[in-house]
**Q** 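Have a look at the structure that comes next, please.
Keep in mind the model is a prediction, meaning the values are calculated, not measured. Below, chains carry the letters A, B, ... as their sequence lines are ordered, and counting in each starts from 1.
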2 protein chains.
Amino acid sequence: MNIQAVCERYHISQDTLRYYEKAGVIPAVSRTKGGKRDYREEDLKWVENAICMRNAGLSIEMLAEYVRLFQEGNDTFSQRRDLLIDAREQIQKQKEEIEETLSLLDYKISRYEEAVKTGVLTWDEKHPR
Amino acid sequence: MNIQAVCERYHISQDTLRYYEKAGVIPAVSRTKGGKRDYREEDLKWVENAICMRNAGLSIEMLAEYVRLFQEGNDTFSQRRDLLIDAREQIQKQKEEIEETLSLLDYKISRYEEAVKTGVLTWDEKHPR
DNA sequence: ATAAAATCTGGAGCTTGCTCCAAGTCAATA
DNA sequence: TATTGACTTGGAGCAAGCTCCAGATTTTAT
């Protein structure tokens with residue numbers, strides 16, 4: 001599968017795909033004899049993984065470190081586990097920040113729905129701005 | 001309340017506080033007659049709000065737009081409501097990405113816990129990398 | 001065989017969101 | 001009153017994560 005097909009499938013630019021490879025976020029992709037990238041099943045799995053983790057907000061650096069450990073072989077299981085636990089903690093915390101903000105937004109939106117109707121914006125004192 | 005006390009209370013730098021004000025993420029802060037910032041109750045509410053929204057991942061630009069509408073007065077209720085709904089949708093989506101990644105991470109971590117014990121790393125084919 | 005389209009590489013450039021710095025002002029203390 | 005320390009501003013600098021570009025190579029279509 002050529003790079004164009006991959007970037008269409010995942011709605012990601014060619015530049016970003018090449019950048020991910022150069023940055024080590026995915027291992028070196030298979031090539032045709034002409035030197036063009038030829039994404040195999042395995043490569044696509046790595047691309048999906050990178051997109052998923054990046055969408056959740058994990059850093060390029062962290063993903064590259066995982067790939068580095070992966071390529072180092074079976075002596076790095078515990079380091080990889082620790083890295084993944086670290087990643088989980090990071091995004092779990094982010095999820096909590098989001099939940100807090102969501103509930104605040106829900107409150108504010110309800111106040112604005114009312115304000116749009118009545119022409120008056122009111123805040124319950126128990127709530128922050 | 002002076003700027004130092006505020007940044008200590010919220011674990012945020014003086015530079016960031018001044019930047020938020022300059023960027024319009026919070027309205028202009030009250031001043032002493034000497035020209036120093038003097039954060040009143042109202043100012044602190046805005047600071048808290050900015051920190052909460054930024055932590056959830058909302059952009060400086062979006063927060064500044066809200067403040068702009070706020071300062072424009074009561075004719076902007078519906079625009080502010082729409083902006084907040086937009087914000088909610090953004091971070092709701094982000095929360096979903098995180099949840100997807102969390103469940104993938106949980107699976108991978110469990111595989112690595114096992115790998116660390118047994119020396120062998122296995123993937124269930126139903127799961128992605 | 002040749003033109004056009006796709007891909008390659010290395011490196012420069014861009015955007016966001018801070019972060020740091022210099023030079024000046026204000027305030028409290030010795 | 002002099003000095004020290006906190007605060008001010010405008011602007012430069014920085015890190016992350018792309019994004020764009022130029023010039024070369026490969027592939028496809030005519």
Side-chain angles (χ1 to χ4, degrees), chain A residues 1-40 43-44 46-47 49-68 87 90-91 94 97 101, chain B residues 1-40 43-44 46-47 49-68 87 90-91 94 97 101:
Chain A
M1 184 175 252
N2 66 22
I3 194 168
Q4 188 173 22
V6 176
C7 70
E8 276 165 13
R9 170 185 293 197
Y10 296 113
H11 309 103
I12 187 181
S13 75
Q14 292 192 17
D15 277 318
T16 298
L17 275 174
R18 285 187 283 253
Y19 167 69
Y20 280 180
E21 192 176 343
K22 183 155 53 174
V25 164
I26 59 177
V29 170
S30 320
R31 301 288 179 128
T32 64
K33 53 190 101 109
K36 308 286 165 89
R37 287 175 180 78
D38 174 31
Y39 291 81
R40 313 274 178 77
D43 303 306
L44 294 178
W46 279 106
V47 170
N49 181 68
I51 291 170
C52 179
M53 299 290 159
R54 287 291 304 134
N55 283 346
L58 295 175
S59 72
I60 293 291
E61 186 186 11
M62 186 173 239
L63 302 187
E65 174 66 4
Y66 178 81
V67 170
R68 203 188 62 68
Q90 272 182 37
I91 69 179
Q94 186 58 22
E97 307 265 26
T101 303
Chain B
M1 185 174 248
N2 67 20
I3 195 168
Q4 187 172 22
V6 176
C7 71
E8 275 164 14
R9 170 185 294 196
Y10 297 114
H11 309 103
I12 186 180
S13 76
Q14 293 192 15
D15 276 318
T16 298
L17 275 174
R18 285 187 282 252
Y19 168 68
Y20 279 179
E21 192 177 344
K22 182 154 56 172
V25 163
I26 60 177
V29 170
S30 320
R31 301 288 179 130
T32 64
K33 54 190 99 112
K36 310 285 167 86
R37 287 175 181 80
D38 174 32
Y39 291 81
R40 313 275 177 79
D43 303 307
L44 294 177
W46 280 106
V47 170
N49 182 68
I51 291 170
C52 179
M53 299 291 159
R54 287 290 305 134
N55 282 346
L58 295 175
S59 73
I60 293 290
E61 187 187 10
M62 186 173 238
L63 301 188
E65 174 66 3
Y66 178 81
V67 170
R68 202 189 61 69
Q90 274 182 36
I91 68 179
Q94 186 59 22
E97 306 265 27
T101 304

**Q** Which comes earlier along DNA chain C counting from the 5' end, the contact point of A:Arg37 or that of B:Glu61, where each point is its nearest nucleotide?
**A**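 In this pair, the answer is A:Arg37.
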**Q** Rounding to an integer number of Å, can you tell me how far B:Arg31 CZ sits from D:dA6 P?
**A**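 Rounding to the nearest Å, CZ of B:Arg31 and P of D:dA6 are 19 Å apart.
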**Q** If you look at every heavy atom in B:Gln14 and B:Cys7, which pair is closest and at what distance?
**A**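 Nearest pair, atom of B:Gln14 first, then B:Cys7: CG-SG, 3.7 Å.
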**Q** Please work out which residues in residues 16-26 of chain B have a non-hydrogen atom less than 4.0 Å from an atom of DNA chain C and list them by number.
**A** B:Thr16, B:Tyr19, B:Tyr20
**Q** By nearest heavy atom, map B:Ser59 and B:Lys33 onto DNA chain C; which one lands nearer the 5' end?
**A** B:Ser59
**Q** Between A:Ile51 and A:His11, does a side chain to side chain contact (heavy atoms under 4.5 Å, CB included) hold up when you go through it step by step?
**A** CA-CA 10 Å; A:Ile51 291 170; A:His11 309 103; over 6 Å; no
**Q** Taking only N and O in the side chain of B:Asn2, is any of them less than 4.0 Å away from OP1 or OP2 of D:dA6?
**A** no
**Q** How far apart are the C-alpha atoms of A:Lys36 and A:Arg31, what are their side-chain angles, what is the distance that settles it, and do they pass the side chain to side chain contact (heavy atoms under 4.5 Å, CB included) test?
**A** CA-CA 5 Å; A:Lys36 308 286 165 89; A:Arg31 301 288 179 128; over 6 Å; no
**Q** With a 4.0 Å cut-off, would you call A:Asp38 and A:Arg40 a salt bridge?
**A**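 Yes, A:Asp38 and A:Arg40 are salt-bridged.
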**Q** I'd like the 5' and 3' limits of the part of DNA chain C contacted by chain A, with heavy-atom contacts below 4.0 Å.
**A**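 That gives a stretch of C:dA6 to C:dG11.
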**Q** For residues B:Trp46 and B:Val25, determine if any side-chain heavy atom of one lies less than 4.5 Å from a side-chain heavy atom of the other.
**A**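 No. Closest side-chain heavy atoms not under 4.5 Å.
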**Q** Does a side-chain N-to-carboxylate-O contact under 4.0 Å join A:Arg68 and A:Glu65?
**A** yes
**Q** Pick the closest DNA chain D nucleotide for A:Ile60 and for B:Ile3 by heavy atoms, then say which residue is nearer the 5' end.
**A**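 Upstream on the strand: B:Ile3.
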**Q** Got a donor-acceptor contact below 3.5 angstrom from the B:Thr101 side chain to the A:Met53 backbone?
**A**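 Here the side-chain-to-backbone pair does not exist.
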**Q** For the pair A:Arg37 and A:Leu17, evaluate side chain to side chain contact (heavy atoms under 4.5 Å, CB included) and give the outcome as yes or no after the intermediate values.
**A** CA-CA 10 Å; A:Arg37 287 175 180 78; A:Leu17 275 174; over 6 Å; no
**Q** Expressed as a whole number of angstroms, how long is the span from B:Asp15:CG to D:dG13:P?
**A**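 B:Asp15 atom CG is separated from D:dG13 atom P by 16 Å.
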**Q** Rounded to the nearest angstrom, tell me the gap between atom CD in A:Gln14 and atom C1' in D:dC20.
**A** 13 Å
**Q** Compare every heavy atom of B:Gln94 with every heavy atom of A:Asn55, then report the nearest pair and how far apart it is.
**A** O-NE2, 3.0 Å
**Q** Side-chain contact test, heavy atoms from C-beta onward, threshold under 4.5 Å: evaluate it for A:Tyr10 versus A:Leu44 and give yes or no.
**A**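 When only atoms from C-beta onward are counted, A:Leu44 and A:Tyr10 do touch, with a gap below 4.5 Å.
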**Q** Check the pair B:Asp43, B:Ser30 against side chain to side chain donor-acceptor pair (under 3.5 Å), reporting the backbone distance first and the verdict last.
**A** CA-CA 8 Å; B:Asp43 303 307; B:Ser30 320; 2.9 Å; yes
**Q** Do any N or O atoms of the protein come closer than 3.5 Å to N or O atoms of nucleotides 22-26 of chain D, and which pairs are they?
**A**
none

